[in-house]
Amino acid sequence: MFEILSNLSDLLNSFLLNLGIYGPILACFLILFESMAPILPLFVFITINFIYFGPIFGFILSWLFTVLGCLFSFFLFRKKMRHWFTKKIEKHSKFQKMMERINHLKCEQLTLLIAVPATPAFLVNICAGLSKMSFKKFLTSLSIGKIFLVLFWGIVGTSMIEALTHPVALIKVIILIVSSYICSKIVSKKLNIE
């Protein structure tokens, strides 16, 4: 088993090294794109940046591109799709209730929601863009919340790589993921989000 993990670690490291500087550059643009297309694994791109640039510069790049991607998504729905979207589904009572809840979220509640890794960023961006929420409130919550999100995924990602050669580090990853899941359940229950 250890030999398989070791081979997997060597394969991953050689793949990343073969990309050279293009690996982190690609990761940054994929982070930007991930905020608009949730099918991409954000933690992989953050991990690549943490490995290549170290925890400080890797964090700054990942945080910056995550925030930029979310802002782009927010403005796309606020400026281009808000009128069409609300016109199409404004009669649905569930949509109206959800929009009311989002409109009344306090800045600290929105920050907490954004900071929880299990929260789908794409959905938050869409809802914030469609809502009457002020840009200032969204930007403040986004900037603070993404600090914790990027740190979480950076630690989990680099710990996963470490766990491939040191299986004891896997315990740290499992604790972080379980803690994140529990926090997301608590936040969802407190904010009455389904």
Side-chain angles (χ1 to χ4, degrees), residues 9 12-78 105 107-129 133-166 169-170 172-177 179-181 183-184 187:
S9 174
L12 184 62
N13 285 332
S14 66
F15 173 72
L16 292 174
L17 290 172
N18 285 336
L19 288 177
I21 191 65
Y22 297 110
I25 291 170
L26 178 64
C28 287
F29 285 104
L30 288 172
I31 287 171
L32 189 73
F33 187 70
E34 188 276 337
S35 300
M36 297 168 278
I39 55 169
L40 299 173
L42 178 64
F43 79 95
V44 171
F45 311 131
I46 291 174
T47 302
I48 290 171
N49 285 343
F50 270 62
I51 290 170
Y52 269 89
F53 295 115
I56 295 171
F57 197 55
F59 162 77
I60 292 168
L61 275 177
S62 298
W63 174 83
L64 178 66
F65 278 87
T66 302
V67 169
L68 288 174
C70 289
L71 288 175
F72 183 80
S73 182
F74 172 84
F75 280 118
L76 178 69
F77 280 88
R78 172 75 41 109
L105 278 177
C107 191
E108 58 271 15
Q109 292 173 319
L110 183 60
T111 301
L112 184 60
L113 191 62
I114 291 169
V116 174
T119 304
F122 182 69
L123 189 59
V124 173
N125 301 337
I126 290 172
C127 291
M133 178 186 301
S134 73
F135 171 68
K136 186 179 177 182
K137 179 161 104 174
F138 180 71
L139 180 61
T140 303
S141 298
L142 182 68
S143 300
I144 296 168
K146 289 297 181 183
I147 291 171
F148 300 101
L149 180 93
V150 169
L151 282 174
F152 175 85
W153 285 126
I155 292 167
V156 167
T158 52
S159 296
M160 287 286 275
I161 300 289
E162 185 184 337
L164 294 175
T165 53
H166 302 93
L170 193 58
K172 185 165 69 170
V173 173
I174 291 169
I175 290 170
L176 283 169
I177 291 172
S179 300
S180 168
Y181 179 77
C183 284
S184 70
V187 169

Next item on the list: Supply the atom-to-atom distance Phe50 CZ to Leu61 CG, rounded to the nearest 0.5 angstrom.
Entry: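 Atom-to-atom, Phe50:CZ and Leu61:CG are 10.0 Å apart.
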Notebook entry, point to check: Could you give the distance from OG1 (Thr47) to CD1 (Ile155), rounded to the nearest 0.5 Å?
Noted result: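 CD1 of Ile155 is found 11.0 Å from OG1 of Thr47.
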Which residues share a ring pair (Phe, Tyr, Trp, His ring centres under 6.0 Å) with [X], sequence neighbours left out:
{"X": "Phe72", "value": "none"}
{"X": "Phe53", "value": "Phe57"}
{"X": "Phe65", "value": "Phe29"}
{"X": "Phe148", "value": "none"}

Can you give the donor-acceptor pairs under 3.5 Å from side chains of residues 137-144 to other protein atoms, not counting sequence neighbours?
| unit_1 | atom_1 | unit_2 | atom_2 | d |
| --- | --- | --- | --- | --- |
| Lys137 | NZ | Leu105 | O | 2.4 |
| Thr140 | OG1 | Lys136 | O | 2.8 |
| Ser141 | OG | Cys107 | O | 3.0 |
| Ser141 | OG | Thr111 | OG1 | 3.2 |
| Ser141 | OG | Lys137 | O | 3.1 |
| Ser143 | OG | Leu139 | O | 2.8 |

Do [X] and [Y] come within less than 4.5 Å of each other through their side chains, counting heavy atoms only?
{"X": "Phe74", "Y": "Phe135", "result": "yes"}
{"X": "Phe59", "Y": "Ile147", "result": "yes"}
{"X": "Ile31", "Y": "Ile46", "result": "yes"}

If every non-hydrogen atom of [X] is compared with every non-hydrogen atom of [Y], which pair is closest and at what distance?
{"X": "Met133", "Y": "Arg78", "value": "O-NH2, 2.9 Å"}
{"X": "Asn49", "Y": "Ser62", "value": "ND2-OG, 3.1 Å"}
{"X": "Lys146", "Y": "Ala121", "value": "NZ-CB, 3.5 Å"}

Next item on the list: Quick one: list whatever passes side-chain contact (heavy atoms from CB on, under 4.5 Å) with Leu68, sequence neighbours left out.
Entry: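 Partners of Leu68 by the side-chain contact (heavy atoms from CB on, under 4.5 Å) criterion, ordered by chain and then number, come out as Leu32, Leu64.
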Note to self: Can you tell me how the ring of Phe122 sits relative to the ring of Phe77, calling it parallel under 30°, perpendicular over 60° and tilted otherwise?
What the structure shows: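 Phe122 and Phe77: perpendicular rings.
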Next item on the list: Please list all pairs passing the side chain to side chain donor-acceptor pair (under 3.5 Å) test where one or both residues lie in residues 63-73, with sequence neighbours left out.
Entry: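 The answer is none; no pair qualifies.
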